[in-house]
Each structure stands twice: as structure tokens, then as C-alpha cells.
Amino acid sequence: MHVPDGFLSSPTCAVTGAVAVAGVALAHRASRRELGDDGVPMAALVTSFVFAAQMVNVPIAAGISGHVMGGALAAVLVGPATATLCLSAVLLVQAVVFADGGITALGTNVVLMALVGVWVGWAVHRAVLRFARSDAAVAIGAGLGALASVVASAVTFTGLYAAGGHVDVPLDDLAASMIRWHSLIGVGEGIVTAVVVALVLATRRDAALPGRPVAREAAAR
Amino acid sequence: MSTRAFTLAASVVTLLVAGALSLAASGSPDGLTFVSQLHGFAGTEDTGSLLHDGPLAGYAVRGLGADQLSGALAGVIGCVTCFALMRLVVRRRGTTAARR
């Protein structure tokens, strides 16, 4: 999902850049409430893990692969505001150190993955937990959140391309392709996310509680 | 499991994913790249930025070529960098975190 330099016009990049800066600033303030002392290593760890997971492209059909974006996973593990910071840090490192994702597209990628990906994933996870509260529901909610987050990012990219794409592409065709392939990728991401959340729950009983990131729970003890 | 033990175990898993599992990653274009090729806008990608000449550009360590060691090392460096950066970002929040 990493948008390179050149896909979108400069004005579009400027707008997404501004939205990204505002979003990250708000998230930085809000993350104070999510994160206690014990949350600091967890947040760093989640950032590191998201980076690692994004390296593993899995074939989903002939000639096309997908990798985990990790926004929903991070949101469920450390809270959505902190997750926005985690994903933004990953995207910054990828762009600057590895030239993965354009530097002028950094704002776009933050919007797609650190804002839309994280918060849609979080919202769906929360919605699932309104119907059931159990370990299984936490894991399944995270998985469904992950699926939704990938599709939402794909739809958002289509919208941005409509606003500032450099090539004229029939938008319904573009939307159909983006949604078709990213639904498949999203299913994979959903499964991985649910499994990882279940594993974290099994090893840290106090981790990943709905609306209660590991940090706050641990800090309360 | 204590925070320390969990952090250690999870760090090992993370490094294994970035440094070993990633070597088995598919080289096929990802979803967005594939779609951009399908709809004819992949060519608008601009790789002229200086960052593409960086020592770790493309998840390979310059000088080591594109072999497995190079990819594994790039993955590990990325993990450590992400960990350190995020610690910095969430550490600067005064009193409690400063104790560490």
C-alpha cells in the first residue's frame, strides 16, 4: 500500500501532508492517556513488529502479493492514538532509510495507514466488542478490524487518486481493482491479526483488553 | 509473563520475522503496485529522490549486494531503528517515563 513519489499531484501531497501532521500531533497528545510507563516498551515493540510484518509479502494470486499493514493490530495492542504514532514511525523509517514509499508521499501513506487504517480498524474492533466480550471476541474483532482497515485504505487511496492522480483512470474500474485485491489481502491480514492478538492475550493476560491497552492495565497494578 | 520476559520473547520473534521469514517473502508486486500496473499509472512513479541512493535503499545493504545476508541485515536494522524511534517519541513525556 506504500504510495511512491509521483503517483499524486503536489497539491494532493500537500493536503495529505497537512492532515498527517495534524493527525500525528493530535495522536501524540492523546497517546499520553493510553500509555503508562509499562506501555513504552510495548509501543516500541509493536512499532518494530509492524515494520517486520510489513516485510513479509505473501502471494495472494499469480503475480500479486500482499503484506500486513498492522494498523488494527497496533490499535488493539496499544490503543489507537499510540498506534497512529507506531505506524507513522514505521512509515518514516521505511521512506527515509529504505526508500519504500515516497518522501513526498509520506503524508499520503500516513493518512492511508496510520490514520485511516488504524482508526477504521479500531472502530470495527470496538463495534464487535459491543456484541460480545471475551478473549475470542477481542481476537476476532481485531481480525475483522484489520480486514476493514485494509479495504478502507484502498478506498481512501482511490479517492485521493480521483483528486490528484497523474493519469486519467476510470475511477469505478480503479475502485473495483483496489477493493477486489485489498479485500483478499485484508482477509490474510485479518487472520494474522487475530492470531497475533490471541497469542499476546495468551501470554500476557492483561494485554489487549478492549479499550484498555496493556499499558494502562499494567500501570494500574 | 513479566513485562521483561514478554518484551524479550516478542523482540526475538520480531527479529526472526524481519531477519529470516522476510527472506521468504514474495517478490511479486503488492496490491497497490499491481493495480497501478493494471491501470497504467505505475510509470508515474518517481524514483529520482536522493533516498533511493541511500545505503539501505530497497531493503539491501549497499556493498553486500542483494543476497540473503543483506536482506536479513536490513530487516534487523529496520526493527532496531523503529524500536529506538518509537521509544524516543513516547519517552519524552516527562516524569514517569524519565525514570527508566
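Every chain is numbered from 1, with letters handed out A, B, ... down the list of sequences.
With a 4.5 angstrom heavy-atom cutoff, B/Leu56 touches chain A via backbone and side-chain atoms both. When heavy atoms are compared at a cutoff of 4.5 Å, B/Ala74 approaches chain A by way of both its backbone and its side chain. Neither the backbone nor the side chain of A/Thr104 has a heavy atom closer than 4.5 Å to any heavy atom of chain B.
Distance check: A/Ile103 CD1 to B/Asp46 CG gives 12.5 Å after rounding to the nearest 0.5 Å. One distance of note links CG of B/Leu32 with OH of A/Tyr161; it measures 10.0 Å at 0.5 Å rounding.
When the candidates A/Ala89, A/Ser88, A/Ala154 are compared by the number of heavy-atom contacts under 4.5 Å with chain B, A/Ala89 comes out ahead. With respect to chain A, the highest number of heavy-atom pairs below 4.5 Å among B/Leu38, B/Val17, B/Val13, B/Leu23 belongs to B/Val17. By number of non-hydrogen pairs under 4.5 angstrom with chain B, the leading residue of A/Gly63, A/Ala95, A/Gly66, A/Pro170 is A/Gly63. For chain B, the option among A/Val3, A/Ile64, A/Val169, A/Asp100 with the highest count of heavy-atom pairs below 4.5 Å is A/Ile64. The choice from B/Ser11, B/Gly78, B/Ala10 that makes the most heavy-atom pairs within less than 4.5 Å of chain A is B/Gly78. Ranked by heavy-atom pairs under 4.5 Å with chain A, the list B/Leu15, B/Thr33, B/Thr7 is led by B/Thr7.
In this structure the side chain of A/Phe157 never reaches within 4.5 angstrom of the side chain of B/Val35, judged on heavy atoms.
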Counting only pairs under 3.5 Å, give me each side-chain donor-acceptor contact of residues 47-55 of chain B, with atom names and distances, residues two or more places apart or in other chains.
from: B/Ser49; atom 1: OG; to: B/Leu51; atom 2: N; distance (Å): 3.0

List the atom pairs, with distances to 0.1 Å, where a side-chain N or O of residues 41-62 of chain A and a protein N or O form a donor-acceptor pair under 3.5 Å, not counting sequence neighbours.
from: A/Thr47; atom 1: OG1; to: A/Ala43; atom 2: O; distance (Å): 2.7
from: A/Ser48; atom 1: OG; to: B/Cys79; atom 2: O; distance (Å): 3.0
from: A/Gln54; atom 1: OE1; to: A/His2; atom 2: NE2; distance (Å): 3.3
from: A/Gln54; atom 1: OE1; to: A/Gln94; atom 2: NE2; distance (Å): 2.8
from: A/Gln54; atom 1: NE2; to: A/Met69; atom 2: O; distance (Å): 2.8
from: A/Asn57; atom 1: ND2; to: A/Ser65; atom 2: OG; distance (Å): 2.9

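Taking the six-membered ring where tryptophan is involved, the planes of B/Tyr59 and A/Phe98 are essentially parallel, since the angle between them stays under 30° and well short of 60°.
Contact annotation for residues 179-193 of chain A against chain B (heavy-atom separation below 4.5 Å, listed by residue number): A/Trp181, A/His182, A/Ile185. Of residues 107-120 of chain A, not one residue has a non-hydrogen atom less than 4.5 Å from any non-hydrogen atom of chain B.
Here the closest heavy-atom approach between residue A/Met1 and residue B/Asp30 is recorded as N-OD2, 2.9 Å.
No more than 12 heavy atoms of other residues, nucleotides or ligands lie within 6.0 Å of CG in A/Asp168, so this atom counts as exposed by the packing criterion.
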